[in-house]
Amino acid sequence: MMKHPIRLKVNGSFHDLSVEPRDTLLKALREGLGMIGTKKGCDVGDCGACTVLLDGKPVNACLVLAVEVEGKEITTIEGVAQDGRLHPLQEAFLEYGAVQCGFCTPGMILSAKALFDENPDPSKDEIKRSIAGNLCRCTGYVKIIEAIQAAAACIDSSRPHQKKTRGLR
Amino acid sequence: MKAFDYFSPGTVDEACDLLLRHGERASVLAGGTDLLVRMKYGEASPDYIIDLKKIPGLSEIEYLEDRGLRVGALASIHALESSPIIKKQYSPLAEAASVLGSLQIRNRGTVGGNLCHASPAADMAPPLMALDSTVTMAGKGGERMVKADDFFVGPERTLLKTGEILTEIRIPDMAPYSKGIYLKHGVRKGVSCSVVSVAVILTMEARRPLCMNAKIVMGAVAPKPIHAHEAEQFLEGKKIDLTLLREAANLAAEESRPVDDLRGSAWYRKEIVKTLVQRGIAEILGWVH
Amino acid sequence: MRVKGNIVQRATRDRTAIKDPRVQIPNEFESPNNQIRNKPVGHGKLELVSPVIWRLEIGAFAAQYEAKEMSEKLILESLKEEPNFSKVGRSVQRIDGLGKVTGKAAYASDLQRPGMLHGKYLRSSHAHARVLRIDSSRALSLNGVRTVLTAKDVPGRNRYGLALLDQPVLAEDRVRYVGDPVALVAAEEEEIAEEALGLIDVEYEELPAVFSPADALGEGAPQVHEGGNLVLHFKIRKGDVEKGFEEADVVVENTYKTHRVYHAYLETEAGLGEFDREGNLSLWSGTQYPIRTRRQVAQALGISENRVRVVQAALGGAFGGKDDLTVEIGIALLALKTGNPVKMVWSRRESMEAHTKRVPMTIHYKSGAKKDGRLTAIEVVIHGDLGPYASIGHFVVKKAVTLCTGPYFVPHVKADGYAVYTNNPRSGAMRGFGAVQAAVAYESQIDILAEKLSISPLEIRKINALDVGSSTGTGQILQHSVGIKATLERLSEYVDERGMRV
């Protein structure tokens, strides 16, 4: 089978890979680049465990072919923490007990991060809608939503004109 | 998935060429949220995949004062959901876009893909039909335009011929004093395939009480999305009250031809048609929120 | 992970960490549940096979390890601040949390090893059939396929099972459910293994099958196993139910059916197995029970237990579904035969079709009560559908029988549970383990009694609630910590405060 050489931009860095057309972005990330943070839950776009950001927008990596996304910005969970510092979402998930088995966590964090980039002060309903495509079998979602709310408030606090700081706890 | 060769043509002509050349062995790739799923289940195994996304000009959403709305077939569902002009002037379309799949699916799935896959439950079909849209199919011989109403032939079958692709959808302005809604009933609120869906658009007379025109299009209750013609005609020229509301809903339910499947029985779906039609009309008229 | 430049540096740093995991943790803070991931046996020299694989290997083990180290350091730091070094009653961050929020935690399905092959099961498409012939020649000639195994290739015992050795590793003469493993394939790539499955020719002779416990226990029913279809009959007797029902003012009798439920863990069954040069097996898997798994794997392979090491990888959910063995024996066999590390990850469909689900039960429940709401007697018959292999499903039925009174005092009890083989898909452990199925019945019964006696559902439960000193359905006298009455009292207050109607 003919392989295509492609160049993927993942978390700000370029990676050269040789892929078959049928290789999904999920496979390219996990097996081609060894970036195992993006998970395979159902492989058909139902569970959201494979959520990555494509040019800032959450998509199911299992339904994207690697050959389709040359030149696009791909963000995975590995790219969320910056300069060794956890993103408020990551801290909040830890602090609020929003992580149990943790398999849905990367996808949840990316979906929430994309939400914040578009809407820094989301309502609870908006948060719920943003993670509607991410299934969790362990937590029952309540703590995940609380964690996202807390992270939103925390990020908010860095903007002086926004509402009062609540802090993370 | 079975292995395949991948092409990403740069023009509509190239794409149509490839499709003609490979015929049954080729599939069009837009968002991939339908095709790749079917391929993974072994329900589709094309030898050639023609990716349309490198063709410029197919994903714009453009409003022209005298011509109405032009939506490129490759516009993502999310683009439709969040487009200010669609939310303001073609609200049932934005509503339908907002309840399709998950955000991840909406960011990749395209309106053209939704129409061409032609599931009887396709979310984009009822509002586009209710809005009297026209779709453009491009092939080697040129372009053909058909009404969205006529585009669907049967379950997963459309008027598209081999070698043709859908390029755009044109939607005329809604008539003055018109309001529409899209209601979807699924096994749960989000990320579910419709059990029944309904798009309703009412055009009222300048002074409210009389309904000048009604469009009621139902999804997932027939081999393809269908107008409830009798219900539509029944409401025209009438002052809508509760009795009329129920009567129209009953007519719509009678016109529906649902089957039993794993998401619901035919009987149940007819009941839901009644509910959704009533609810849709009531909401448009401001009786409920 | 960066491709260029840092590889050698990174390798050196990680190699140190790998060699002596305990070097940075002071002894007095070692907790009995210290979860430092073990390193693969024979890992001493990390060979540079290729830049890509090198990176994968480090990524899978060391990075996750590194995250765990960081996490433990943080926790140890905070421990030092506490005057009593006590975390009891406090909210603590998970010890494995950091790896999970950064994407570094390595789950069974994430693991990679140099030279790794992919394993897959060929599964029966019949509920009950004789296996006449298996021809793997076409599959073996597919480029990239390393081996195809059938029952004759099982070196040890071709039988396993957590309680009863009733399950073949690979089908010998018969298949007993749709999904029963018939053959194993190892190939260089997952897609090749998948393709190979379609090239294995199996000739079946269909046999009559049985699909309900009632049918399975009936006269002339097809036998799922030689010993008959009844796995376990468990009963409890307390007092005299005849007398109890005579004393009753009202008797309610119903049949409840609970269905199969899928755990739907977000990570499917997965694992990786590798033999070292001395013939010791290391097996990483998403298992709930490494010790038990180890024993079964050793016996299937015919090697001694101390040559098998099972490491529980991070699990993407289990809920009882990974209690039983899943991929472990399969990957061990393939690793043994090929000499390569072998990984197996079940597809979602495979997980749904082939593995154990909540035991479906039919519960016939007869309750007697006096006018004032007090239960006098219950008579219960439970049939549990185990599928063709018991797993620990019969214990689930046992538990349902044991708990069939619910948290209520019943003076006279007659309960019988039958765990039965069928040719349905498999059943086994799922969170609740019989308690859930029983609750469907006893809670419905008490609600119906309440309605019949015109007593509120809350009141009737208060009347019958167990307390210290009560005897349970099995005759145990409760001595401590019986919270149901207090809970119901509190609930009553809550309801009254809000003017709710119950």
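Every chain is numbered from 1, with letters handed out A, B, ... down the list of sequences.
Here the closest heavy-atom approach between residue C/Tyr107 and residue A/Cys101 is recorded as OH-O, 2.6 Å. Scanning all heavy atoms of the two residues, the minimum distance from C/Phe319 to A/Cys138 falls at CZ-SG, 3.7 Å.
Note that the CD atom of A/Glu95 and the CZ atom of C/Arg94 stand 14.0 Å from one another [nearest 0.5 Å]. The structure places CZ of A/Arg137 at 9.5 Å from NE2 of C/His263, a figure rounded to the nearest 0.5 Å. Here the CD-NZ distance, from C/Glu191 to A/Lys27, works out to 3.5 Å after rounding to the nearest 0.5 Å. One distance of note links CZ of C/Arg348 with NZ of A/Lys40; it measures 11.0 Å at 0.5 Å rounding.
For chain C, the option among A/Ala49, A/Gly41, A/Gly37 with the highest count of heavy-atom pairs below 4.5 Å is A/Gly41.
A heavy-atom distance below 4.5 Å is not found between the side chains of C/Leu111 and A/Ile36. The shortest distance between side-chain heavy atoms of A/Glu31 and C/Gln112 falls below 4.5 Å.
Environment of CD in A/Glu126: crowded, with over 12 heavy atoms of neighbouring residues, nucleotides or ligands closer than 6.0 Å. Residue A/Tyr141 qualifies as enclosed at atom OH: its count of foreign heavy atoms under 6.0 Å is above 12.
Under the rule for a side-chain contact (heavy atoms from CB on, under 4.5 Å), the partners of C/Lys343 that lie at least two apart in sequence or sit in another chain are C/Met116, C/Leu272, C/Val345. Residues passing the side-chain contact (heavy atoms from CB on, under 4.5 Å) test with A/Thr105, sequence neighbours excluded: A/Phe93, A/Val99, A/Ile109, C/Val101. Remark: A/Glu70 pairs with no residue by the salt bridge (charged side-chain N to carboxylate O under 4.0 Å, His left out) rule, at least two apart or across chains.
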- Task: Evaluate side-chain contact (heavy atoms from CB on, under 4.5 Å) for A/Leu94 paired with C/Lys100, printing each intermediate quantity in order.
- Result: CA-CA 9 Å; A/Leu94 286 174; C/Lys100 289 178 175 177; over 6 Å; no

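With a threshold of 4.5 angstrom between heavy atoms, A/Leu89 does not approach chain C through any atom at all. Proximity to chain A involves both the backbone and the side chain of C/Leu266, based on heavy atoms less than 4.5 angstrom apart. C/Thr268 touches chain A through its side chain: at least one heavy atom from C-beta onward sits under 4.5 Å away, while N, CA, C and O do not.
Among the residues in residues 52-61 of chain A, none has a non-hydrogen atom closer than 4.5 angstrom to a non-hydrogen atom of chain C.
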